[in-house]
Amino acid sequence: MKATMELNEVKNSQRKGTFKQTLRLYKYVKPYWIEFTIGMILLLASSISSLMIPNLLGKLVDSGQKIHLVSEINQLGFTLVAILIGQAICSFFRVIFFVNVTEKTLSSLRQHIYNHLIQLPMKFFLNRRVGELNSRISADISLLQETFTTTIAEFIRNVIILAGGFVLLITTSAKLTLFMVLLLPVILVVGLVFGRYIRGFSKEAQTRVAEANTILEETLQGILNVKAFANEFFEMKRYKKKILEAADIGMKSGKYRGAFLSFLMLCIFGAMVAVIWRGSVLIATGEMQSAGELLSFVIYSAFIGGAVTELAEVYTNLQKSIGATENLLEILDEPAEQLTDSTHIPPEYLLNGLITFGNVSFHYPSRSDVHVLKDISFSVKANQKVALVGPSGAGKSTIVSLLLRFYDPASGSISFDGRDGKQFPYSALRSQMAVVLQDVFLFGSSIRENIAYGKPGATEEEIIHAAKQANAWEFIQHFPAGLDTLVGDRGVQLSGGQRQRIAIARAVLKNPRILILDEATSALDSESEKLVQEALDKLMEGRTSIIIAHRLATVREADKIVVLDDGYVVEEGTHHELLTVDGGVYRNLSAMQFTN
Ligand SMILES: Nc1ncnc2c1ncn2[C@@H]1O[C@H](COP(=O)(O)OP(=O)(O)OP(=O)(O)O)[C@@H](O)[C@H]1O
């Protein structure tokens with residue numbers, strides 16, 4: 001019993017927290033509060049004017065029955081038309097103001113979320129699938145868009161109509177109101193129960209759609225693999241399964257919606273019949289004044305009925321958007337890396353190029369039980385070329401990730417020029433390093449933009465110079481559009497060697513103190529390799545370089561070779577020194593490659 005109470009308390013506090021958290025979104029609306037307030041005033045005006053209509057309609061009907069001057073009837077008619085026009089104008093401007101506030105609010109929220117997302121540490125992305133993240137965020141934001149533009153306004157309008165309608169009903173006929181009120185609780189209770197069911201379904205349907213979108217995005221991104229493995233039919237089936245699941249849930253929820261709607265229609269029309277019936281009796285007995293009064297009463301009742309139905313819908317939408325807000329806030333609450341603009345690095349953070357690994361141990365945050373690096377120590381002097389070699393899975397790429405401070409060591413330290421890496425701002429460190437990977441990532445835009453990524457704002461001359469240094473100018477010139485050639489999604493319209501030379505040009509433009517080459521030439525034929533290797537040799541001059549390579553021939557000239565095995569540094573020395581180590585890992589690797 002006590003445990004249940006405690007659980008409820010926790011749940012309540014979470015719910016309160018959630019609602020409170022949702023209010024945090026208010027800060028995005030705040031700058032536009034004047035427009036928001038004007039929108040609200042217009043909303044109030046149009047809702048109140050709707051409330052005046054039934055009353056005037058009743059009077060209009062009565063004025064026709066009694067002996068009245070035509071001019072009086074017309075006056076009533078004109079007042080009604082004026083109110084209708086006023087209401088239309090209010091609604092028009094209300095929508096415009098609300099849409100403006102929404103668009104501005106959402107654009108700052110979108111920017112805020114994107115800015116935050118892109119600054120999140122690598123460990124955030126380890127456990128998430130980009131497709132799902134993407135689809136969730138856009139679904140959540142469009143939900144909020146609907147909430148801001150329509151749901152909130154609908155909520156307020158319906159509450160005003162409900163409250164105002166009741167007051168006016170009571171003043172028209174207290175007896176008839178009491179009769180009607182007795183019918184309401186049934187609708188409310190059924191509405192709440194159905195609402196909960198439907199909400200559960202729509203949440204599940206959203207999850208399924210997000211899963212289906214993940215498949216869509218991942219397969220389109222990896223379309224080459226899908227086709228190469230002839231897995232189109234497999235993917236079609238996988239996608240179909242998820243979509244059908246979503247549709248299934250949608251249809252199930254449709255049944256509940258249908259039942260709910262027909263129940264409501266029955267209630268509303270039933271209530272109307274009952275009210276008119278009862279009202280006619282009241283008129284007959286003289287307890288109600290006139291047919292006009294009955295008409296006003298019926299229209300008010302219909303207004304109230306409509307408001308209750310819409311409020312049920314609005315309530316569901318509000319719940320959904322609270323869910324969406326929660327998801328977005330969850331992302332915003334993830335601690336971001338402390339990044340600064342890296343265009344101007346303060347002089348105290350300028351690197352000379354000495355790197356020291358001191359007893360570094362590391363495991364990935366997603367797999368804390370697998371120790372990837374174990375007590376690693378080695379150093380790289382400024383302007384030295386140091387190669388990391390070792391069997392697959394030894395931890396070479398992990399060392400690169402640590403150098404870039406994607407992760408911090410579990411113990412030990414990585415220092416630059418004798419200072420712990422943690423003392424440097426992330427951006428200052430990363431902006432003085434450049435990485436050229438085997439799997440080059442290019443943006444789908446032009447060659448120019450891809451090279452300039454190394455130094456945003458670079459001039460035409462700088463870009464061409466970098467391309468020349470990277471042995472890329474030759475082939476770029478041969479394209480009819482030159483630097484403006486579009487490279488296709490992730491660079492598919494270029495060959496592997498061309499992509500790599502673009503990546504090298506990017507690194508040349510960045511002019512880093514520390515250069516990291518990860519398997520940079522292993523996927524190339526000998527002609528491309530020669531061109532790329534030449535470009536790399538030029539690039540490595542006068543900077544600290546760390547080279548990861550499987551093929552030992554490419555690292556013979558290195559000043560030092562660090563051999564890793566199973567997360568340990570097992571040997572260290574020059575090519576010739578390591579070849580003399582009897583039974584050494586390097587010597588074995590070297591012998592194997594030589595035989596091959
Ligand atoms: N993001 C990650 N999350 C969890 N474990 C990882 C992650 N990346 C790599 N690992 C694990 O860390 C170990 C070292 O991987 P790493 O990529 O550093 O090896 P490597 O020496 O560069 O291998 P290769 O030569 O094949 O590229 C492997 O056992 C790998 O499974």
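In listed order, ligands and their atoms are each counted from 1.
- Both the backbone and the side chain of Ser392 come within 4.0 Å of ligand 1, judged by heavy-atom distances.
- Here the shortest heavy-atom distance to atom 31 (O) of ligand 1, taken over Arg367, Met122, Lys123, belongs to Arg367.
- When the heavy atoms of Phe362, Tyr407, Tyr364 are ranked by distance to atom 3 (N) of ligand 1, first place goes to Tyr364.
- The neighbour count for Glu557 CD, taken as heavy atoms of other residues, nucleotides or ligands under 6.0 Å away, does not exceed 12.
- When the shell of 6.0 Å around OH of Tyr453 is examined, it contains 12 or fewer heavy atoms from other residues, nucleotides or ligands.
- Compare Gly395, Ala394, Gly393, Ser397 by their heavy atoms: the one nearest to atom 27 (O) of ligand 1 is in Ser397.
- Annotation: Lys396 places an N or O atom under 3.5 Å from an N or O atom of ligand 1; distance criterion only.
- In summary, the atoms of ligand 1 found under 4.0 Å from a heavy atom of Ser366, numbered by their order in the structure, are 3 (N), 4 (C).
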For the pair Thr398 and Tyr407, evaluate side-chain hydrogen bond (donor to acceptor under 3.5 Å, both in side chains) and give the outcome as yes or no after the intermediate values.
-> CA-CA 9 Å; Thr398 306; Tyr407 313 98; over 6 Å; no

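- Within the 3.5 Å criterion, the main-chain N or O of Gly353 finds no donor-acceptor partner in the side chain of Arg513.
- Contacts of Thr398 with ligand 1, taken as heavy-atom pairs under 4.0 Å, involve both backbone and side chain.
- Remark: aromatic rings of Tyr426 and Phe424 are distant, center separation not under 6.0 Å.
- Counted by atom type alone, Glu103 and Gln145 present one or more donor-acceptor pairs between their side chains at under 3.5 Å.
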